[in-house]
> 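Sharing a structure here in structure tokens format.
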Amino acid sequence: MYNSFFKLKTSPFGTSPDPKFLYMMPHTREALACLEYGISARKGFTVLTGEVGTGKTTLLRRALSSFNGRRVSTAFVFNPRLDALDFLEFVLTDFGIVPANRTKSGMLLQLNRWLIERFRMEETCVVVVDEAQNLSWDLMEEIRLLTNLETSSEKLLQIVLSGQPELEEKLRHPSVRQLRQRVALWCRTQSLTESQTHAYVAERLRIAGADHPLFSLDALDLVHRYSRGIPRIINLLCEHSLIVAYVEQVEQVTAAIVEGVAVELELETQPFLISTAAMGGTSRGAEEGHGFMNSFGGETTGRRDR
């Protein structure tokens, strides 16, 4: 609706996780490198955590798209509220395998044979489980057992668990300590600082074709204040603000417009709840020394940007 008014080629603040709009900040690069390394090096289990709306799914799609042209097969489980049989059937189907029969043993044997065949063809097979904090305890154990599908030297299946900070808490539970011990890499997304919020908005507008700043500096300051640096809420605020600017036929979004949108969305009186970790705080997992860079003697992905 407003694209032609602002001379944009596409909508810059859509809600779909479009990898082309991924803005590379230091912690984003590190998390992306973590995911790509975990998959390509056949590390088995990789965990990606971050607050709601911090771009986990976009990051996952960007990581998987980086393997285009290489031999990688992916099963993307977007609904973790499944029982073991449904989960296995979903994974097989997403890999393009037609289940011969719907028994656990039958599907596991079929998956194992298919994985061995792909391994011989030097192909990497990845199962991504999104919203993994909602996995049942039983299904988490079933997923752990999938890592037993291996050769004498290599994991046949790479598994990425992606979820909110509650996933880290869940993985600390004694009942899943065997799974936790198998996690090779921990990656984390974070909320944005004020300067990163300014850069994030500017980059998305640039990609969409904007040839001049569409938000005043004061407006961007308010976007950060009301969104608390959560990219999804930044997109929501900016999208609504551009619509209001279009209706009022003004060429630049002002602080007053953002303020009005925030009031309409009740961001001041009913702010979105976010965890301490999402605001850049150090999580327990980081304190324990887990992380991509820690594998090389450096800092973890849970460090705070300064």
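These numbers were taken from a predicted model, which means no experiment stands behind them.
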> Find out if a path of hydrophobic residues (ILVMFWY) with successive side-chain heavy-atom gaps under 4.5 Å connects Ile243 to Leu236.
yes

> Mind jotting down which residue pairs meet the salt bridge (Lys or Arg N to Asp or Glu O under 4.0 Å) criterion with at least one end in residues 73-88? Sequence neighbours excluded, please.
Asp86-Arg102

> Apply side-chain contact (heavy atoms from CB on, under 4.5 Å) to Leu32 and list each qualifying residue two or more places apart in sequence or on a separate chain.
Met24, Glu36, Leu59, Arg62, Ala63

> Any pair with a residue in residues 192-201 that passes salt bridge (Lys or Arg N to Asp or Glu O under 4.0 Å), sequence neighbours left out, goes on the list, sorted by first then second residue, please.
none

> For Ser191 versus Ile230, what's the shortest heavy-atom pair and its separation?
CB-CD1, 3.9 Å

> Return the minimal non-hydrogen interatomic distance between Gln110 and Ala100, and the atom names on each side.
OE1-N, 2.9 Å

> Show your reasoning for whether side chain to side chain contact (heavy atoms under 4.5 Å, CB included) applies to Val77 and Val91.
CA-CA 7 Å; Val77 181; Val91 168; 4.1 Å; yes

> Quick one: list whatever passes salt bridge (Lys or Arg N to Asp or Glu O under 4.0 Å) with Lys56, sequence neighbours left out.
none

> Hey, what do you get for OG (Ser162) to CG (Leu60), rounding to the nearest 0.5 Å?
4.5 Å

> Going by the angle between their ring planes, with limits at 30° and 60°, are Tyr23 and Tyr200 parallel, tilted or perpendicular?
perpendicular

> Any cation-pi pair here, Arg204 with Phe21, using under 6.0 Å and within 45°?
yes

> Please check this pair: side chain of Lys7 against backbone of Asp211, looking for a donor-acceptor N/O pair closer than 3.5 Å.
no

> Does any part of the side chain of Glu89, heavy atoms only, come nearer than 4.5 Å to the side chain of Met107, both counted from C-beta?
yes

> Between the main-chain N or O of Thr193 and the side-chain N or O of Gln196, is there a donor-acceptor pair closer than 3.5 Å?
yes

> Start with the C-alpha distance between Ile233 and Arg228, add both sets of side-chain angles, then the distance that settles side chain to side chain contact (heavy atoms under 4.5 Å, CB included), and finish with yes or no.
CA-CA 8 Å; Ile233 307 176; Arg228 292 162 175 78; over 6 Å; no

> Restricting to non-hydrogen atoms, name the atom on Asp221 and the atom on His198 that form the minimum distance, rounded to 0.1 Å.
OD1-NE2, 2.8 Å

> Can you tell me which residue pairs pass the salt bridge (Lys or Arg N to Asp or Glu O under 4.0 Å) test with a partner in residues 107-120, sequence neighbours excluded?
Arg118-Glu123

> Applying the 4.5 Å side-chain criterion to the ILVMFWY set and letting contacts propagate, would Leu145 and Val47 be lumped into a single cluster?
no

> Drop me the distance from Leu242's CG to Leu214's CG, to the nearest 0.5 angstrom.
6.5 Å

> Are Thr124 and Arg42 side-chain neighbours, meaning at least one heavy-atom pair lies under 4.5 Å?
yes

> Counting only heavy atoms not in Gln249, do more than 12 fall under 6.0 Å of its CD?
yes

> Mind checking the OG-CD1 spacing from Ser227 to Ile234? Nearest 0.5 Å is all I need.
4.0 Å

> Under 4.5 Å between any side-chain heavy atoms of Leu156 and Asn112, yes or no?
yes

> What's the shortest heavy-atom distance between Gly38 and Leu185, and which atoms?
CA-CD1, 3.4 Å

> Partners of Gln178 by side-chain contact (heavy atoms from CB on, under 4.5 Å), sequence neighbours excluded?
Arg144

> Looking just at side-chain N and O atoms, do Ser136 and Asp138 make a donor-acceptor pair shorter than 3.5 Å?
no

> Quick one: side-chain contact (heavy atoms from CB on, under 4.5 Å) partners of Ala132, sequence neighbours excluded?
Val129, Leu135, Leu161, Leu167

> Using 0.5 Å steps for rounding, measure from the CD1 atom of Ile116 to the CD atom of Glu150.
11.0 Å

> Have a look at Thr49 and tell me which of Gln133, Glu169, Glu168 forms a side-chain hydrogen bond (donor to acceptor under 3.5 Å, both in side chains) with it.
Glu168

> Hey, could you give me each pair passing salt bridge (Lys or Arg N to Asp or Glu O under 4.0 Å) that has a residue in residues 17-27? Not counting sequence neighbours.
none

> Hey, are the side chains of Arg188 and His27 touching, using non-hydrogen atoms and a 4.5 Å cut-off?
no

> Just wondering, do Phe67 and Ser40 contact through their side chains at under 4.5 Å, heavy atoms?
yes

> Just wondering, are more than 12 heavy atoms of other shown residues or ligands nearer than 6.0 Å to CZ in Arg177?
no

> To the nearest 0.5 Å, what is the distance between CD on Gln158 and OG1 on Thr74?
11.0 Å

> Would Ser73 and Val126 count as a side chain to side chain contact (heavy atoms under 4.5 Å, CB included) here? Give the steps.
CA-CA 6 Å; Ser73 294; Val126 189; over 6 Å; no

> Linking I/L/V/M/F/W/Y whenever their side-chain heavy atoms sit closer than 4.5 Å, directly or via other members, would Leu179 and Trp137 fall into one cluster?
yes

> By the ring pair (Phe, Tyr, Trp, His ring centres under 6.0 Å) test, which pairs, at least two apart or in different chains, include something from residues 86-134?
Phe78-Phe90, Phe95-Trp114

> Rounded to the nearest 0.5 Å, what separates atom NZ in Lys43 from atom NZ in Lys155?
11.5 Å

> Does the pair Glu239 and Tyr2 meet the rule for a side chain to side chain contact (heavy atoms under 4.5 Å, CB included), with working shown?
CA-CA 10 Å; Glu239 173 80 1; Tyr2 56 73; 2.6 Å; yes

> Mind checking whether Ile39 and Thr46 have side chains closer than 4.5 Å, heavy atoms only?
no

> If you look only at distance, which donor and acceptor atoms sit under 3.5 Å apart when one is on a side chain in residues 250-263 and the other is two or more places apart or in another chain?
residue : atom : partner : partner atom : Å
Gln252  : NE2  : Pro213  : O            : 3.2
Thr254  : OG1  : Ile257  : N            : 3.3
Glu259  : OE1  : Tyr226  : OH           : 3.4
Glu259  : OE2  : Tyr226  : OH           : 2.4

> Tell me whether Leu115 is reachable from Leu109 by hopping between hydrophobic residues (I, L, V, M, F, W, Y) whose side-chain heavy atoms are closer than 4.5 Å.
no

> To check you understand the geometry: which heavy-atom pair defines the closest contact between Phe76 and Asp94, and what is its length?
N-OD2, 2.7 Å

> Same hydrophobic cluster for Leu149 and Leu85, using side-chain heavy-atom links shorter than 4.5 Å among ILVMFWY?
yes

> Give a yes or no answer on whether the side chain of Arg182 reaches the backbone of Phe45 with a donor-acceptor pair at less than 3.5 Å.
no

> Is any side-chain heavy atom of Pro80 less than 4.5 Å from a side-chain heavy atom of Asp130?
no

> Side-chain donor-acceptor pair under 3.5 Å between Tyr246 and Asn3, yes or no?
no

> For Thr103 and Gly106, indicate whether the former's side chain and the latter's backbone hold a donor-acceptor pair under 3.5 Å.
yes

> My understanding is that only residues two or more places apart in sequence, or in another chain, count here; which of them pass salt bridge (Lys or Arg N to Asp or Glu O under 4.0 Å) with Arg61?
none

> With sequence neighbours excluded, tell me which residues meet side-chain contact (heavy atoms from CB on, under 4.5 Å) with Ser16.
none

> What closest approach, in Å, do Pro231 and Gly229 show between heavy atoms, and which atom pair accounts for it?
CD-O, 3.2 Å

